[in-house]
Amino acid sequence: MDAGFLVATQLSSLYPSQATSVPLQTSRQGVPLPPPPSESDPPAEHATYSSVLHTPVTGTILLRVLHGGLIIELVSLSTEVSPIRFVFPGRVLPFPAIFLWEASELHVLAVVDTGSLYRLVVPIASGRELWRNQAPNIWPREYLLKNMEDAREGLVHVQGTHSVIIGLRNGSLLRLENDYVGEGTDDEWTETVYQYTSFLSSLTSFLPLTGGPSTGSEPVSIATHPWPTDIGHVWTLSRDRTLRFWKAKIGCVASKAVSPGKEASPSPGSSTSGGKPHIMLDVTPQTLLRVFTSPTQEDHIYVIVFIPTISSPSSGGTFHLFDTFSDQLYEVGKIEASANTAHCHLQDFMIAGNALFALWDAQGQSMVAKTVINVQHLNEGFHPAPWYTSCYAPEPELTPAYLEEILLSPGSMTEKFFEAIMRPGMFSALTLRTALDQYIDACLSMLGPRPPQLGTTYATISEHIAAVVGCTVNLNRDTQTGAYQYATYWSALKRDWEGFIARCREVERSARRPLALGAQDQGEIIHVERERVGLLVSEDLPIYLTRLLAVENPPLEPQYELLSILWTLKSRLGPHVMLQLENRMMDIIHQEVAFSLPDILQDQTRRFRFREEMDEGSLHWIIGRLQSIEDLDSAARKALDIIGGFDVEVKREEDEVELLLPPPHSEWARALTAAYISKTVDARYELALALVTLLFFLSDEISEWDPSLLAEIFAVFRGVAILRFTARHPASAASDTPPATSDLLSADDVVHRMRNMNVSRSSKTLLSPTYSIVHRLLAESGDTHGLPGAAHRFLDSIGLLQSVSPANATKYEVLFCEKLRLLGFYDASRELLSWLPRTAGASYVLARLWLNLGKPDDASYLLEKLAGSFAGNFGGDHVLSAEDQEALARILPATELLDSQYNFYIHASNLFKVTSWVHHEVSFAQLAISVAPPDADTSSLWATVINGLTELGYYDDAYASLMSSPYEKLKRELVSQLTYRMCDDNAVETLMTFNFAGIADEVQDALAFKARNVDIRVHPSYSKILHTWFIRRGDYRNAALAMYQRARKLQDLIHDPTSFASLAEEQLEAYLVAINALSLVEPKNAWVLLPMPADHFYEPHKRRKLPRYIPERRFTPGKFDSDIIRLADMEYDYALLAAQIDMVRRDPALLASPEFLLPPSVIVLRLAQANRFSQAMATARSLNVDMTDLFSHLTGQCLRLSRNADTVIQEDTSDWLLTDKVSSWPGTPADRGWRYLRHSLQEHDSAETDYKYTKATLETILGSNSSPPPWLIHILEENHHEFLIRISLRYENFEDAIEHTLSLIRKSDSQLAREAPQNACATWLPYTLIDQVLKAAAEATSTPRLSALRSEIATRVKRMHKLSQFPA
């Protein structure tokens, strides 16, 4: 257990978003472009070099060299600050370094193969904000090396912020020194070259150097004392295994050949001299030197030199310890690497305290070895301490054999393979992206049509993989039988998935190559890989036991003997049988415990035929070993304690300080804790599965066991299985920014990607986190300090291993499922709930989950059943157990008092309200009303029921609930909402059937408000609905008012030809409906009051000005005038609009005119001009328009017919003669025309009009020098004799004037003969007019009837004289 083991996490899974990039420029001219990467190079995002910096100010910072040396990336492992990248114009030489300067700046020093030394000064903010928002303030400085040609291929070692060492190929050292004192200082460096051949040989930087080919003196490793230090010495190790000691300002002062270790054969690059091999080290720069000092011996500087022996079968090399004292090198001793390192490559090693840690590349896997170097006791002799080797805990690798095991369980092949590759920790997001790009490139290189999946954009990498992998495999038919070739299809699909998984494994193998070691506070050892960073941590007991049990004949203590036997039993059964046993155990957990556990186990064993899977010898051996255990019950309980137990750490003083000053959150720390939890859960699961295997093996004897022990085994197995499922379930999140299609990138996107050098991240799908649910849960808890303590505290806090019976669901299990639901992991929460019995708490969580998943019926069913648990007093006399009550109380909202069925129903109703499931919200509100206490205020529940039923369209139920509500105020508030909703839903007929007893005024006011304020052009038409409301209730006057107001509003909206075409018909209909309604009122009451604003008097027609009803001064301020609208006014408005519509319909060109609404007189005139005399007369009659011009025009048409009827008929102006009535008259067209005129005069001309139309007709005839028809003269003689006389005088028809005068006198005489005159007026004649006739006739040349007139007048005078003599 002292060795510990390794846990690591992928960086791309923690930081999927693009890092901030800072491009760097060079002042050197003619710098060539970097060469393109070759196929043998690792992926661009895999680091080729890494180093770790840890300080109390910055925490732990990781420096990584990416993209073949073109990019240096800084990653903070202690904070959540996003990484930052520096893009260089050339390849960075090994090895760059990072330092903290005066607690305010980070200095990155790197030498580029272009011959430049860069110092990047990164200001850091307080509070561990580091470089966040500091990119504009980064200060890059470039120094052009004078010895460029030699330094271009040298080995770089950065001693500190003021000194850089470059090892040249000829064995010399180029030392660069600088006096940096802060920003604003000229970053000038002094170059000095030191030769190793002479003690005091140093050349200035101005002398040329000769590089030449690589020799044995070329340094392959350089080391100095760790910075900060005032020791400026340098130690180098050359290819010929010579250790050299260099002093500043002097040069090489000492050298010593290091004897090789046990090398079986010469390594590549070695040379022979005289038949004896001379082994040379690899020319590749390596970490083979480390320098350290002891606090007790400050004058001694110790150097550790590692000499590899790759081909040795016993170890990977030897560590040589040298003491540097008085400018001399003394070899103190040797430490041979452990046998586990044979054929391994040392990547890095370091000294931490008195311990030596070495990082080995064990065939692509990291391995850390540890030993103790106690320099304080060197005077007593050097005695190497033993090595302790640490590796990763065993984890499944997706080999073809393992994939075959996965396929043994039921389920879809693609789902199993997809779940395997997406399992947290299996492959990083970068690995999946890289493998997918390689897979897509291979698919695109195939002949034939390209599948559409390859060109589609996907939101996440998981969606992309699921859609693309296998898209080239098609289901074909057999050419002979036509049957589908399913076997061939599944085989090809399996090979396709296996090929993709093989690509992922290859990329991941490269990602796990070890690079460097580091340390952080409290001596934690960090190991860095190309794409992962991890820690060396201690093993807990389950991990320790699992590791030992995997070894044959493990050295276990007697108390763990049972576990050893069970582990052997598992291995004898084989993976296939164990998988079946595991599946059966899972089925048992998913079912309710309806029988005793022994009966269940015996039944499953009989079905399974468990023992038949073992050979006879193994069976008897296992039975014998089990019988050797004295107390099997105690051994089983001990195993349970191991599986469910946690090491509760004693709180240290440092922890108490951190409670006051909590450390910053770190995604890396959380990921490591989650990885540790996953490992310990896997170990506990294997131990629990072994214990369950024992139950199946001893099923015939299990009935004699303690039932509580059996129940606890099942409960613990369930808890471990839940933890294992959670640790393996991915918690991937979609990208915040939508992916962009590569061929639709904007110029800004192209510039951004080129500047960021995002070569490997330029695909369509963005990377997304691939951590597990446990990682998300740790983010909620925030406790990730120290392993394994943080992992154990987390597992202990969730309490899943505290259950003692599978028949119960503890509060911890219920709370865990509720936590997953709250975090949005619905599938995981549903799966875990299926493992728990249906207790009250589990049912409530499942109901909430069904709501989240959009299954309200299932949620309603569970909540309604759960409500029965509240029938008693919650917390008192209750149907639930104390455990169920506590679990339910923990998950129910603390802000609500759920102590009764009534309150629970309200809570359930609110749950459905939040998720907008109205039907169930109403249902639970009704249930709450049904069980409400007498003194409870249920107004809000009634409102919920009424509003919900209204929203659902259950209007009959909503009306019934409204009228049943005991709250009068609520009824008046909600009736308008019901009314509006029914109107909007075209349920007006249903609305009219409701009585609304007591609140009908509220309905009427609601409809009136909408009719006044809502746009009448939109649906529904509230004015029509209000009219229907009044009609149904016999209020015809208000019904007419509603429609008349609608017509007025429509009139206000008609302001252009377009609006007229769309609204005129509606306005006409509104007028007609209003007229019909008002016609049902008694004639004396056939009027309505139209409210009008005080500043506006509606006068649509200039024909009249309607009277004011009451003066405004009679009203109080704020009141309005009213206009009295009578039935005749409505009829007039209707007639005018109908005429206007008819005119526009017959002549659409009118709409082009601004005055398209013609006045009445113009309408009548246009109709007359169109020879539509009947319509013109009817319109004029309705609109009270004078028809004088109309009859004059009609008379003219009759005169034309009399003169030349054929011409009139040919002009197509005689349609008025073709009506049914006129065409049935006998005679010529002229006769029918004159008869039509006569009938029209008889219909429209009378004493009310003073026969002005007859007079106009006569004038028209006389004006055309024609003779009037006798019937026309007869009409005037009967009614307007004087007009005949005057018109005859006007046209100088003296004979006619004389005849009309004679007719007038004779008519008067005849009347006098019939009746005696009662007064003088009865004998009155227009004597003045008669005198004018006499005078005019006397002046005329020929008036034969003048004498008769004079005689008649004389006779008249005599008669009148006689009459005057009679007494009155």
Side-chain angles (χ1 to χ4, degrees), residues 1161 1164 1168 1173 1176-1177 1180-1181 1184-1199 1202 1233-1312 1314 1317 1320-1340 1343-1346 1348-1350 1352-1353 1356-1357 1360:
S1161 59
V1164 174
F1173 298 113
M1177 294 174 190
R1181 187 72 173 267
N1184 296 327
V1185 177
D1186 185 85
M1187 292 184 279
T1188 301
D1189 296 335
L1190 170 61
F1191 278 97
S1192 297
H1193 186 71
L1194 177 58
T1195 304
Q1197 291 295 326
C1198 293
L1199 291 174
S1202 299
W1234 286 107
R1235 186 174 179 180
Y1236 178 79
L1237 176 60
R1238 180 180 180 182
H1239 277 275
S1240 298
L1241 289 173
Q1242 290 175 353
E1243 182 178 357
H1244 299 288
D1245 203 13
S1246 63
E1248 294 180 0
T1249 59
D1250 197 23
Y1251 293 95
K1252 57 182 177 180
Y1253 307 139
T1254 306
K1255 297 175 184 178
T1257 301
L1258 179 59
E1259 288 189 28
T1260 303
I1261 295 173
L1262 294 178
S1264 62
N1265 295 323
S1266 300
S1267 299
W1271 56 267
L1272 184 61
I1273 300 299
H1274 177 73
I1275 293 175
L1276 291 176
E1277 285 182 346
E1278 290 292 329
N1279 300 286
H1280 261 283
H1281 231 128
E1282 294 181 28
F1283 176 77
L1284 286 175
I1285 299 172
R1286 295 180 188 278
I1287 198 67
S1288 299
L1289 291 177
R1290 184 188 307 169
Y1291 287 95
E1292 297 182 355
N1293 295 329
F1294 300 119
E1295 289 295 332
D1296 293 340
I1298 292 173
E1299 289 297 332
H1300 295 323
T1301 304
L1302 288 173
S1303 175
L1304 175 61
I1305 294 173
R1306 291 169 182 169
K1307 179 181 178 181
S1308 178
D1309 290 344
S1310 174
Q1311 185 175 0
L1312 288 176
R1314 291 194 304 272
C1321 294
T1323 60
W1324 178 87
L1325 286 176
Y1327 294 107
T1328 303
L1329 180 60
I1330 295 174
D1331 291 340
Q1332 293 177 1
V1333 173
L1334 292 174
K1335 182 179 179 181
E1339 295 177 355
T1343 52
R1345 296 285 294 170
L1346 180 58
L1349 176 59
R1350 289 177 176 173
E1352 191 69 31
I1353 291 174
R1356 170 75 178 183
V1357 171
M1360 293 298 104

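Just the heavy atoms: all of them, side chains too, but no hydrogens, waters or symmetry mates, feed the values below.
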Sequence neighbours excluded, every pair satisfying ring pair (Phe, Tyr, Trp, His ring centres under 6.0 Å) that has a member inside residues 1241-1260: Phe1191-Tyr1253

With a 4.5 Å cut-off on side-chain heavy atoms, are [Y] and [X] touching?
X       : Y       : answer
Phe1173 : Leu1237 : no
Ile1353 : Leu1334 : yes
Tyr1291 : Arg1286 : no
Ile1261 : Pro1269 : yes
Ile1273 : His1300 : yes
Thr1254 : Leu1258 : no

Indicate yes or no: does Lys1255 engage Asp1250 in a salt bridge with an N to O separation below 4.0 Å. yes

Heavy-atom nearest pair, Gly1196 first then Thr1260, reads N-CG2, 4.2 Å

When His1274, His1280, His1281 are each screened for side chain to side chain contact (heavy atoms under 4.5 Å, CB included) with Glu1278, the one that passes is His1274

Is a side-chain donor or acceptor of [X] paired with a backbone partner of [Y] at a separation under 3.5 angstrom?
X       : Y       : value
His1193 : Ala1168 : yes
Ser1192 : Thr1188 : yes
Ser1266 : Leu1262 : no

Could you state the interatomic distance from [atom1] ([X]) to [atom2] ([Y]), rounded to the nearest 0.5 Å?
X       : Y       : atom1 : atom2 : result
Arg1350 : Leu1302 : CZ    : CG    : 12.0 Å
Leu1272 : Thr1195 : CG    : OG1   : 8.0 Å
Glu1282 : Leu1329 : CD    : CG    : 6.5 Å
Ile1275 : Arg1238 : CD1   : CZ    : 6.5 Å
Leu1241 : Leu1194 : CG    : CG    : 7.5 Å
Leu1289 : Lys1335 : CG    : NZ    : 12.0 Å

Around atom NZ of Lys1307, are there more than 12 heavy atoms of other residues, nucleotides or ligands at under 6.0 Å? yes

Stepwise, does the side chain to side chain contact (heavy atoms under 4.5 Å, CB included) test hold for Cys1198 with Tyr1236? CA-CA 9 Å; Cys1198 293; Tyr1236 178 79; over 6 Å; no

Of all residues at least two apart in sequence or in a different chain, which pass the side chain to side chain contact (heavy atoms under 4.5 Å, CB included) check with His1239? Trp1225, Arg1235, Gln1242

Sequence-distant partners of Lys1252, salt bridge (Lys or Arg N to Asp or Glu O under 4.0 Å), two or more places apart: Asp1186

